[in-house]
Amino acid sequence: MRRYFGRKLLIYGLTFFVAVTVNWMIPRFMPGDPVASMVARANVTKPEAVEAMRAYYNNLFGLDQPLLTQYANFWGALLRGDFGTSIWLFPTPVSQVIGGAVPYTLALVVPSVLLSWVVGNQFGAYAARRKLLDNTVLPVGYVLTAMPYMWLAVLLAWALGVIAGLFPVAGGYSFSMRPNLSWTFFLDLLHHWTLPFLSLFLVALGGWAIGMRNMIIYELESDYSTYLSALGAPARLIRRYAFRNAVLPQITGLALQLGVLVAGALVTEIVFAYPGLGSLILKAIQNKDFFLLQGAFLFIVLGVLIANFIIDIVYVVVDPRTRAGMAGAQA
Amino acid sequence: MMLRLDHVTKVFRIGAFGGRTVTAVKDVSFDVAPGEVVSLIGESGSGKSTLGRLILGLSRATGGTITFDGRPARAGKDYYRDVQGIFQDPFSSFNPVFKADRVFAMIKESYHPGVPEGEWAERVRTALRDVRLNPDQVLGKFPHQLSGGQLQRLLIARALLLEIRLLVADEITSMLDASTRIDVLNLLAELKTRGLGVLYITHDLSLGNYLAERTIVLREGAVVEMGPTGDVFGDPLHPYTRELLSAVPRLHEDWADAEDPGTCLYHERGASGGLLEAAPGHLVACARSKTC
Amino acid sequence: GGPSTPTGPAPSQGQSQGAPADADPNQLPRGETLYTTGTQWGPPANFNPIREWDSAVGTKGLVYESLFHYDTTAAKLTPWLAESGSWTDDTTYEIKLRPGIKWSDGQPFTAKDVVFSFELGKMETIPYHNLWNWLQKAEAVDDQTARFTFSTANYQEWDFMLYTRTMVPEHIWKDRSEKEVLDGINENPVGTGAYKFLSKDQDRVTLQRRDDWWGKTALNMEPKPRYIVDIATPSNEVAMGLLLQKGLDLSNNFLPGVANLVQGNFGLTTYYNEPPYMLSANTAWLVPNTAKKPMDDPAFRKALASSIDVKKIVEGVYGNLVKAASPTGLLPQWDKYVDQDVVAKSGFAFDAAKAKKLLADAGYKDGDGDGYVENKDGSKISLSLIVPSGWTDWMESARSIAASAKAAGIQITPDFPDFNALVEKRGKGDFDLVINNERQLSNSPYTYYEYLFQLPIQKQQNTVNFGRYENKKAWDLVQQLDQVKTDDTAGMQKIISQLQQIHLDDLPVIPLWYNGLWAQSSTSVWKNWPAEAGSAPKTPAVMWRNWLELGGFETLTQIQPAAS
Amino acid sequence: MSLQVSELRVHYRTLRGDVRALDGMSFELGDGEILGLVGESGCGKSTLGKSLIRMDGRMRHVGGRVVLDGRELPIADDRAMNDFRFKEVSLIPQYAMSALNPTRKIRRMVGELLRSRGAALDAAELERRMDQVGLPREVLDRYPIELSGGMKQRMVMVISTLLDPSLLIADEVTSALDVSTQKAVARALLGFRDSGYVKSMIFVTHDIALTHHIADTIMVMYAGRLAEKAPADALVKAPRHPYTRLLVDSLPEVGVRYAERRLEGIAGSPPSLLDPPPGCRFRARCPLAGDECAEEPPVAEVAPGHHVACWKA
Amino acid sequence: MTTIQEAVPRERAAVRREALYFAVRNGKLMTGLTIVLALLLLGLIGPLFVAAAPNEYSVKAMSPPTGEHWFGTTTFGQDIFAQFVHGLRATFAVGVVGGGIAAVIGMVVGFVAGYVGGLVDEVLNMLTNIVLVIPSLAVLLIVNAYLGIRSVAVQGLFIGLTQWPWAARAIRAQTFSLRTREFVDLARMSGSGTGRIIAREIAPNMSSYLFMTFILLFGGSVLIASSLDFIGLGPTEGVSLGLMLQNANQWSALQLGMWWWFVPPGAAITAIVGALYVANVGLDEVFNPKLRET
Ligand SMILES: Nc1ncnc2c1ncn2[C@@H]1O[C@H](COP(=O)(O)OP(=O)(O)OP(=O)(O)O)[C@@H](O)[C@H]1O
Ligand SMILES: Nc1ncnc2c1ncn2[C@@H]1O[C@H](COP(=O)(O)OP(=O)(O)OP(=O)(O)O)[C@@H](O)[C@H]1O
Ligand SMILES: [Mg+2]
Ligand SMILES: [Mg+2]
Ligand code: NI
């Protein structure tokens with residue numbers, strides 16, 4: 001057990017290391033100069049002032065030091081939770097910019113991931129039960145997963161937002177609100193959250209449903225199911241077992257899909273102007289705010305890694321097979 | 001001696017980064033002469049297949065040496081010209097997506113690239129007839145279209161095409177019907193008369209007994225008893241051998257329970273760790289090797 | 001929910017004023033709130049008025065104020081914090097402040113604050129640092145009087161300074177380091193303005209009216225919205241969606257196709273109710289790199305200018321939301337400075353045939369029959385026109401330019417590097433053609449000509465004269481223009497006329513169209529938006545940075561709740 | 001008579017037509033009797049076993065009846081069969097290694113299974129039976145994956161017989177085990193019969209020697225039909241059907257050596273069940289075959305309890 | 001294992017024929033394939049028949065679908081049908097390039113790790129895991145942002161470079177189980193080297209599996225590409241369905257009631273990817289006898 005987690009931690013550690021290194025490398029080895037764009041945006045005319053500013057920013061971002069020192073500093077800063085300073089939102093520290101956006105993204109991603117997982121699995125298990133459902137409901141699942149996130153999002157925003165006027169199309173809460181602890185505010189948050197959530201939820205739902213359906217079909221064909229039905233166990237029990245056993249691989253699937261779902265969330269946020277990381281990243285890209293981009297990237301990586309680790313733990317807790325596998329494991 | 005194993009040990013590393021080890025074969029030494037059938041007997045997991053694979057060069061020994069004609073046995077074209085193996089499951093020995101006779105084409109490609117097609121085809125047919133197969137019935141078919149016995153014999157024919165001198169037969173009859181099984185056994189026995197050495201791996205004692213000059217009993221990777229087949233079966237010295245023998249269902253006898261080994265028979269005679277020659281050529285290990 | 005940092009004093013202060021609808025301080029009353037968007041694209045970054053280019057909406061103009069405003073219609077400075085200002089001699093300017101103005105923390109606003117604010121420019125990295133190249137001394141004569149002594153009196157530029165520089169409180173700023181002044185967030189801004197920040201969040205800032213604002217009595221003005229919420233929409237289409245949902249009152253975004261909505265019954269108004277719908281805000285220029293062949297040849301540049309079918313861009317790309325630029329490129333607001341004679345004589349217009357002829361006359365011929373002309377020495381001409389990737393309207397425009405140039409025989413390939421790369425290339429002069437519109441409407445065409453002709457050419461041209469056009473005479477004229485008194489219209493006209501002649505003869509940059517002062521307003525909650533027709537205000541309706549002094553603030557004082 | 005099977009025909013539907021895996025099987029099984037079922041691979045042994053308890057999707061009941069303890073088994077009716085499963089007929093499947101839900105501890109699984117069949121779990125009884133097959137009690141609190149093959153095999157055995165079924169079908173339960181475990185499992189089966197946990201048993205295998213040890217009667221099948229059925233000793237010592245004879249002759253025994261006595265196999269292979277030839281199905285391989293074998297031989301009782309389907313018997 | 005034997009037909013090439021038999025009768029496979037092929041065909045031959053260049057302005061801007069402009073025109077008067085057929089091409093290209101590259105890397109890594117095992121496997125496995133947990137869109141965002149992708153091919157390349165891990169994982173697992181099959185040892189004893197065994201013994205055995213992997217990677221690439229296009233990190237030249245979506249969105253097509261601009265590209269992406277997924281399930285049923293019945 002300890003070995004298993006040790007190994008996992010090693011992999012996650014390495015992943016993080018690689019991610020950070022790549023992240024550090026890209027802006028330094030790619031064409032384009034972040035400082036140049038920064039200077040260009042300040043309306044400075046006189047060449048001396050330009051040079052002064054350039055030197056100032058170079059120093060600020062540590063770009064005037066030897067590469068290795070920069071790399072070491074980068075890690076040092078990172079460990080202090082310092083992601084640098086945003087260029088676009090200068091002089092706000094990147095960590096603060098991201099910190100403001102993260103709650104929104106989490107509020108969007110976590111429920112949609114978990115709910116779509118739960119509902120999708122139920123849905124898939126249900127579809128696997130009956131031929132009729134399988135052939136009618138499941139195609140809907142396929143269509144849903146195949147939809148580009150933003151396409152569905154825009155359609156929803158247009159249909160339910162602009163045309164039907166049921167939901168707001170932008171913002172994290174009403175622009176007339178100030179955050180406070182009240183039902184009105186909470187409902188308002190929910191109201192704004194609904195559409196982005198729905199578009200994420202629907203697309204992910206289809207994927208889980210399909211996955212579950214296939215898993216369940218395999219499980220229902222498996223030996224223990226056959227044995228149980230030979231002993232006359234009711235279909236209810238067999239399905240319950242099949243469902244439980246099919247859900248387990250879906251947990252791993254959850255870990256694998258996390259990155260994709262986060263990506264979907266980013267795109268969806270952009271469509272709904274939801275003030276999360278997605279909107280931030282889009283702007284960071286458009287404004288060449290590499291520090292913000294890096295910070296957001298690291299944050300996402302870290303988030304996904306942590307989520308993965310949690311899933312790993314959950315998985316070990318719920319599936320006895322992994323525990324045995326850990327002891328005996330073939331390479 | 002054609003094949004010689006000297007204190008062969010195989011340790012598998014398992015688990016993450018090889019954290020734990022399993023000793024599958026422990027200090028095994030024996031040899032196989034041309035024209036001799038040696039049977040290797042033991043319960044599941046006793047290391048029989050591992051030994052077979054070591055001899056075939058499909059995995060590397062952790063300790064000890066395996067030599068063939070005095071040269072170290074190492075996987076490679078030359079080695080496989082002399083030594084071939086056949087495995088337990090004839091169905092998985094053939095790639096299901098290709099026709100079964102591709103196994104012949106593969107050896108032609110590697111070992112007889114110069115032979116003209118016509119001549120090669122003739123050689124194949126001869127080899128098939130040698131293993132008592134009708135070439136027309138088996139050539140050009142997919143593995144699933146052939147019976148287990150047919151497939152098993154195709155593999156033997158394949159080995160014959162190489163004019164091999166040692167065959168490692170790993171449980172080659174366990175998937176076969178009683179009647180087909182005996183056909184294959186008979187074929188092996190015939191080949192032996194042509195000077196082929198055979199290492200016959202099985203857990204079915206009656207089969208080993210039917211075929212082999214010498215028998216080696218393995219347990220947990222180590223040799224427990226070995227000697228001429230008649231001696232080992234007729235006068236099993238080691239309690240484990242006796243237990244095995246007693247567990248074999250026999251048509252005309254009832255199961256008898258093996259008696260408790262009681263005290264160690266050979267400990268005082270110095271068999272601790274090694275093997276003791278109880279009778280000429282009949283070696284036996286200490287009965288409680290772990291505690292002795 | 002998202003974090004929110006209320007800034008400024010507690011909201012209870014508003015309550016004490018006895019204003020209505022205070023039942024729920026967390027819910028802004030719709031009828032008293034103005035929702036705007038189009039300036040801020042992300043979370044508010046700072047409240048630092050020195051950072052005029054990225055501070056939160058309203059930092060400058062609503063919270064911090066300048067000495068004067070500039071009235072674009074009347075083309076004159078309007079006294080604001082200053083009661084008056086005048087040149088006491090050729091190199092001395094004296095400002096009288098209005099009495100009784102207080103900072104929002106209750107401290108009086110005095111001439112010492114004015115002097116302090118200008119002296120901040122002595123720091124090297126402050127954007128108006130170069131003011132001190134010709135300003136010698138700033139001093140507070142008394143509490144209400146500030147005196148400026150110049151080594152060279154650049155009247156035009158000084159007027160510009162007067163309405164663009166914000167006044168900051170010395171008592172709060174005096175201990176700030178250079179880094180803090182330039183890069184500080186200025187978390188709790190203390191200004192003289194009519195609004196204070198109430199809260200901020202990822203996608204918005206909320207401003208609340210100060211009911212003790214000095215202007216109420218001194219100017220007899222009061223901005224109507226009690227609250228202003230500026231929404232950071234990440235993209236234009238979101239703004240359009242909000243506008244259609246009537247959740248937004250004023251959108252300062254470029255909303256393609258908005259003409260349809262104005263015509264249709266959506267409750268949207270724009271300044272004009274027919275093309276171009278918007279006032280003009282700046283000129284989009286095609287900048288040829290005059291350091292490169294064949295763009296170094298004025299004849300070629302003129303042929304290029306004639307080859308571009310701007311009308312097609314105006315109609316096709318912008319759906320008539322913009323106006324084609326005059327050959328001088330001067331904004332319509334500066335019409336009086338255009339010397340029509342010069343334009344008539346030397347102006348250009350789209351004429352493919354003429355472009356061909358000009359090319360032929362200048363010796364550019366299509367020798368190899370590929371449909372494109374070659375250089376005089378026979379080498380191929382293949383120009384790339386760069387615009388930033390993602391700027392869709394410009395990308396479309398660039399394609400259109402390439403197409404019409406092709407008809408005249410000039411080979412242009414549109415290229416869309418990312419903005420950063422483009423800035424770098426543009427600065428280094430590593431380009432053939434680029435589109436640019438960085439100069440806004442101002443008090444004087446001087447700022448335009450400075451942009452066109454500034455010398456000397458540096459290794460990096462970061463903000464002006466990207467085409468690296470060298471004409472000493474022109475630059476001398478620009479400097480002369482700077483030193484003409486701003487009320488001397490004739491004097492200005494005389495110099496500008498000469499500059500126009502040079503511009504049209506040489507065409508160092510080719511004006512294309514006037515970008516709109518994008519302002520789409522919804523009449524569902526607020527009415528009396530600026531419009532050309534009737535008695536409606538004529539001020540610009542924008543929240544853009546630096547535009548509140550140009551009439552944006554005045555607009556706020558003139559709109560009316562639709563309910564009344 | 002606890003089980004009577006008459007003229008049972010069960011086919012597999014396939015693309016090329018029906019595979020006649022059971023083509024008119026008739027036999028009887030007495031109370032307390034263990035019937036060893038042997039025969040070449042593919043002759044229909046498993047099909048018979050499955051027919052008696054649960055047919056899979058491709059199987060089709062074409063004809064014949066099955067009567068257990070005087071009641072007819074509705075073998076074609078999956079729902080109606082449910083009343084009999086586990087309680088009257090039970091099964092130890094060939095795949096016992098994977099027959100247990102891998103994610104449930106065994107105690108819990110057994111409890112849930114029993115409850116779903118309306119029975120309560122008698123823990124004492126369960127433990128008693130486990131003792132009988134030599135399974136330690138803590139096995140109940142383990143996951144299946146933590147058991148060895150033989151343990152799983154025995155655990156399934158205990159589970160399958162918990163409701164004391166009248167008929168137990170054990171399909172190749174020992175094939176995958178090594179000799180010592182094989183012996184233990186086979187003995188446990190005998191013990192179950194002797195303790196009365198099951199009344200009668202069909203023990204499917206292809207190992208005649210093993211069958212001989214535990215079965216009272218041995219039935220030999222050939223190509224979907226009964227070839228011979230006789231008391232175990234009689235069948236081994238005095239087989240009447242030529243196929244049985246050849247089969248028994250081809251068994252190597254400890255002590256039989258090639259050098260001394262060469263055993264012979266049976267030439268040829270069984271006919272395809274897709275379209276089996278008329279008449280005796282062993283005809284093509286039979287050394288004794290004559291003209292009359294073109295007719296299908298009836299099952300004749302040549303001695304008490306000894307049934308043979310051969311003209312030459 | 002042996003039981004199936006008898007039932008399986010005894011003719012030559014029966015496996016393939018049987019697969020084909022089930023394939024043509026599998027509604028899912030056929031529907032999926034028909035949709036994909038129809039769109040592919042449209043993308044392939046459409047551009048030959050559409051006179052208008054995709055980005056050319058025509059006279060009639062913002063026109064709803066008419067006989068002249070089947071899918072209507074954009075704000076600038078570009079013919080949407082012309083964009084659509086060209087866009088299909090680009091989208092298929094991204095799918096093929098991205099899916100292809102990912103499949104190739106996935107196969108190489110999966111095969112080598114699964115076959116060679118040991119330390120090589122450990123290292124490759126770790127690499128796979130690392131790439132797997134790094135959210136690929138985030139990487140693509142960063143890389144694209146810095147690179148400024150110019151072409152469909154480069155876009156496909158980068159998508160391919162980040163998409164492979166799960167394929168590698170799946171293939172590794174499959175290889176792992178195939179490696180222990182005895183025909184692999186037999187091939188070794190016939191003198192085949194590692195590369196040859198992988199290429200000629202293992203890969204053919206999982207051809208259907210590899211094909212299905214490719215299908216899934218293809219679909220994934222198309223979706224990722226459309227997301228990138230939408231964010232504005234797509235190819236800067238030419239048209240793709242994702243770019244059409246981005247443009248339609250940026251120019252507020254839906255708000256202005258121009259559904260004909262926004263709907264077709266998204267619907268086509270959904271159709272392509274969805275049809276591929278459906279076909280994939282169909283394929284699964286064809287190749288996996290267990291799933292065929294009931
Ligand atoms: N590749 C491997 N990795 C790790 N352990 C292995 C490997 N191969 C075999 N072993 C272990 O080595 C021991 C001997 O296995 P081997 O297959 O040689 O037994 P066997 O005698 O052939 O058994 P059987 O009769 O079941 O075939 C077993 O404990 C097995 O788990
Ligand atoms: N699902 C199936 N579909 C089609 N034919 C089948 C199926 N299962 C079995 N058969 C065929 O039915 C016949 C009888 O099969 P069965 O499994 O009963 O044989 P068996 O005697 O149990 O063989 P074995 O000893 O190999 O288990 C065989 O010819 C087999 O090919
Ligand atoms: Mg083995
Ligand atoms: Mg069977
Ligand atoms: Ni001893």
Side-chain angles (χ1 to χ4, degrees), chain A residues 10-12 14-15 18-19 22-23 26-27 30-32 131 135 138-139 142-152 154-155 157-158 162 210 213-214 217-218 221 255-256 258-260 262-264 266-267 270-271 281-282 284-286 288 290 293-294 296-297 300-301 304-305 308 330-331, chain E residues 27-28 117-118 121-122 126 129-148 165-166 169 176 219-220 222-224 226-227 230-233 242 245-246 248-249 254-255 259 262-263 265-267 269-278 281 284 290-291 294:
Chain A
L10 177 71
I11 286 188
Y12 291 143
L14 260 176
T15 309
V18 169
V22 165
N23 201 357
I26 291 174
M30 294 277 175
K131 192 81 189 149
N135 282 340
L138 219 68
Y142 297 131
V143 170
L144 286 179
T145 29
M147 272 193 200
Y149 280 100
M150 63 280 178
W151 192 62
L152 179 65
V154 173
L155 287 182
W158 181 59
V162 175
I210 291 170
R213 170 211 175 251
N214 295 341
I217 285 181
Y218 276 99
E221 293 286 334
L256 294 187
L258 224 59
V260 179
V262 168
L266 301 188
V267 186
I270 291 170
V271 172
I281 287 181
L282 177 71
I285 289 170
Q286 287 172 352
K288 299 289 150 193
F290 295 124
L293 204 55
Q294 286 178 5
F297 173 80
I300 292 175
V301 170
V304 170
L305 286 183
N308 261 295
Q330 331 78 341
Chain E
K28 292 182 188 123
D121 180 38
E122 288 287 350
M126 191 163 298
N129 277 327
I130 288 176
V131 183
L132 193 70
V133 286
I134 297 184
S136 62
L137 194 88
V139 177
L140 285 174
L141 286 181
I142 292 233
V143 172
N144 286 10
Y146 286 99
L147 269 190
W166 72 261
R169 248 197 187 190
F176 225 84
V222 168
L223 284 181
I224 293 187
S226 71
S227 290
F230 188 80
I231 299 179
L233 292 174
L245 268 185
Q246 185 215 9
N249 187 51
L254 275 186
Q255 277 92 339
W259 54 266
F262 187 79
V263 174
I269 293 175
T270 309
I272 292 172
V273 180
L276 279 176
Y277 287 174
V278 171
V281 173
D284 203 13
K290 268 194 169 182
L291 296 180
T294 59

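Taking OH from E:Tyr277 and CD1 from A:Ile210, the interatomic distance works out to 8.5 Å, rounded to the nearest 0.5 Å. Here the straight-line distance linking atom CG of E:Leu245 with atom CE of A:Met150 works out to 5.5 Å at 0.5 Å rounding.
When heavy atoms are compared at a cutoff of 4.5 Å, A:Leu266 approaches chain E solely by way of its side chain, counted from C-beta outward. For A:Val154, the parts lying near chain E are the backbone and the side chain together; criterion is any non-hydrogen pair under 4.5 Å. Heavy-atom distances place the side chain of A:Val304, and not its backbone, under 4.5 Å from chain E. Residue contact with chain E, scored on non-hydrogen atoms closer than 4.5 Å, involves the backbone and the side chain of A:Leu14 alike. Looking at E:Leu223, the atoms closer than 4.5 Å to chain A (heavy atoms on both sides) all sit in the side chain, from C-beta outward. Neither the backbone nor the side chain of E:Ala248 comes within contact range of chain A; no heavy atom of the residue lies under 4.5 Å from a heavy atom of that chain. Neither the backbone nor the side chain of E:Val131 comes within less than 4.5 Å of any heavy atom in chain A. Within the 4.5 angstrom heavy-atom criterion, only side-chain atoms of A:Ile281, from C-beta onward, approach chain E.
Heavy-atom pairs under 4.5 Å with chain A were tallied for E:Leu276, E:Ile224, E:Ile269, E:Ile272; the largest tally goes to E:Ile269. Counting heavy-atom pairs under 4.5 Å between each of A:Ala19, A:Pro139, A:Pro148, A:Gly264 and chain E puts A:Pro148 at the top. Per-residue counts of heavy-atom pairs under 4.5 Å with chain A were compared for E:Gly220, E:Ser227, E:Ala275; the largest is that of E:Ser227.
Using a distance-only test at 3.5 Å, with no hydrogens or angles considered, a donor-acceptor pair links the side chain of A:Trp151 to the main chain of E:Phe262.
Counting all heavy atoms, side chain and backbone alike, A:Val143 lies closest to E:Thr270 at O-CG2, 3.5 Å. Heavy atoms only, all atoms of each residue included: E:Gly274 and A:Ala146 are closest at N-CB, 3.0 Å.
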